[in-house]
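Each remark here refers to the structure printed beneath this line.
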Protein chains: 2
Amino acid sequence: MENKTYHHGDLRNELIEVGAKLLIEQGLEVFSLRKVAKEIGVSHAAPYRHFKDKEDLIVEISNKGIEEFYNALAKPFYEYKNQPKLQLIELGKAYIKFAIDNPYLMKILFFSDLKKKIDISKISDINDDSYSLLVDSVKNCIASGETTVKDVQALSLLTWSFVHGLSALMMEEVINIGEISDEVIDKMVKLSTLGYFKS
Amino acid sequence: MENKTYHHGDLRNELIEVGAKLLIEQGLEVFSLRKVAKEIGVSHAAPYRHFKDKEDLIVEISNKGIEEFYNALAKPFYEYKNQPKLQLIELGKAYIKFAIDNPYLMKILFFSDLKKKIDISKISDINDDSYSLLVDSVKNCIASGETTVKDVQALSLLTWSFVHGLSALMMEEVINIGEISDEVIDKMVKLSTLGYFKS
DNA sequence: CACCTTATGTTTACAGCGTCAACTTATTAG
DNA sequence: CTAATAAGTTGACGCTGTAAACATAAGGTG
């Protein structure tokens, strides 16, 4: 064993992988570069050959997290492509479930200073991120004549706000509704659509 | 000048006051006990005569913040006491405005590990905090027959989730809807009520 | 008043952190 | 083969939270 070479060989990727593990399991507040280095078995300054600073590594980790988030939403998006209303509901449920399963990641993506800024006024420009899935789904709903509200931007923000807020309340355990079950999530998301869906 | 006495006299309160200023203006991430001590002009270990540790001081500051939050919501609550629907809408608007005006405080209250837990299943037991204002308002709306949904718990969670989520998106600047104006907030909150209010 | 106790400060010390500079070693280009 | 460069290590700095030892002021008791 102990195949100790002076040069690691793939340190950059291992920093991201091990860093992601620590960051997502333990949270941003206790995340430290030195811990990551120690875990890998490399000196405390080694990460600086691959990342400008601590934030730089976190951003890299976040980028992988954003991909996972996108994939989690893309699944129901394509699965229910031909059922606009159901598609929007399933998108919301997937959003909430992802948040509950990955609270530390969500905090970094949405509640830290590293989060991405999205310009909601430029809906047509967005075509490759998670938000565009929501907007597309909302458009589908409006186009299929199922909604009372016709304003894409407003309806997107409305639905996003709801699932985002419920996610936050649940993942932060601000509320205690006993077991957070799939049924509860399903019920709440469907309830939230009452306003802008017919019948 | 320089009325330097060995004993400060009111250090505990000044720690809370100066601490609150720094915490709410600059955020939790850069908040340090030593900075607070230096700002007051006292040694870096002095705070430990009044607070067990850093977290202890932050909790104390948060408690004052929770009071302010409550007051911000209590104002419209009592002002629109006899107009259930308007009361709920104004509560939501006040919530969002407070969040936008006090992002760092809101982050501590809702997105840090110091947040208070609220047991939504014990609605009847709650009678003195911000959440009870919302629940009362929802009850008023249901009682006055203005809503389609009759489930107090579900409707409370629904409305809370929406304003909470919109607050988060706005205060974190995740979205950029240009100027965050009173009109935008008003529009969104009213739109959100479409589902559970008649006509 | 003098004395002792307690409350409330200060100083010193330590470990962990991010980061930088200086140094070392392996890899690679010419 | 050799020189340049990439990728490690070591040691240092200042900042952090926190604890222990010490100093001083305030208050109560004789």
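Note that the structure is a prediction, hence the values are computed from the model and not measured. In the text below, chain A, chain B and the rest are named by the order of the sequence lines, each starting its count at 1.
- Atom-to-atom, NE2 of B:His44 to C1' of D:dA21 comes out at 13 Å; the value is rounded to the nearest Å.
- Looking at the side chain of B:Ser43, the nearest of the listed nucleotides C:dA13, C:dT10, D:dA7 is C:dT10.
- Rounded to whole angstrom, the span from the CD atom of A:Glu39 across to the P atom of C:dG16 amounts to 16 Å.
- Between B:His164 and B:Phe111, the ring center distance clears the sub-6.0 Å criterion.
- At a threshold of 4.0 Å, the pair B:Lys97-B:Asp101 does not count as salt-bridged, since none of the basic side-chain nitrogens sits closer than that to a carboxylate oxygen.
- To the nearest angstrom, C1' of C:dG18 lies 12 Å from NZ of A:Lys52.
- A:Arg34 has its CZ atom 11 Å from the C1' atom of D:dT10, to the nearest Å.
- The pair B:Glu67-B:Lys64 does not meet the salt-bridge criterion, since no charged nitrogen lies less than 4.0 angstrom from a carboxylate oxygen.
- With C:dG18, D:dA21, D:dT16 as the choices, the nucleotide that has an atom nearest any side-chain atom of B:Arg49 turns out to be D:dA21.
- Side-chain atoms of B:Ala46 lie closest to C:dG9 of the nucleotides C:dG9, D:dG11, C:dG18.
- Applying the 4.0 Å criterion to OP1 and OP2 of C:dG9, one finds that B:His50 has a side-chain N or O inside that range.
- Under 3.5 Å, the side chain of B:Arg12 and the base of C:dT8 form no donor-acceptor pair of N or O atoms.
- We find that CD of A:Glu14 is positioned 15 Å from C1' of D:dA7, with the value rounded to whole Å.
- If you take OH of A:Tyr48 and C1' of D:dA12, they are 14 Å apart, rounded to a whole angstrom.
- When distances are taken from the side chain of B:Leu33 to each of C:dC20, C:dC17, D:dG17, the shortest belongs to D:dG17.
- Here A:Lys38 lies out of heavy-atom contact (under 4.0 Å) with every strand.
- Distance from the side chain of B:Val42 is smallest for C:dG9 among the nucleotides C:dG18, D:dG17, C:dG9.
- A straight line from CZ of A:Phe51 to P of D:dA7 spans 12 Å, rounded to a whole angstrom.
- Salt-bridge formation is detected for the pair B:Lys187/A:Asp151: a Lys NZ or Arg NE/NH1/NH2 atom is positioned less than 4.0 Å from an Asp or Glu carboxylate oxygen.
- Distance B:Leu11 CG to C:dG9 P: 5 Å, rounded to the nearest Å.
- Picking from D:dT18, C:dG18, C:dT10 the nucleotide with the shortest atom distance to the side chain of A:Lys54 gives C:dG18.
- A salt bridge links B:Lys107 to B:Glu172: at least one charged side-chain nitrogen sits closer than 4.0 Å to a carboxylate oxygen.
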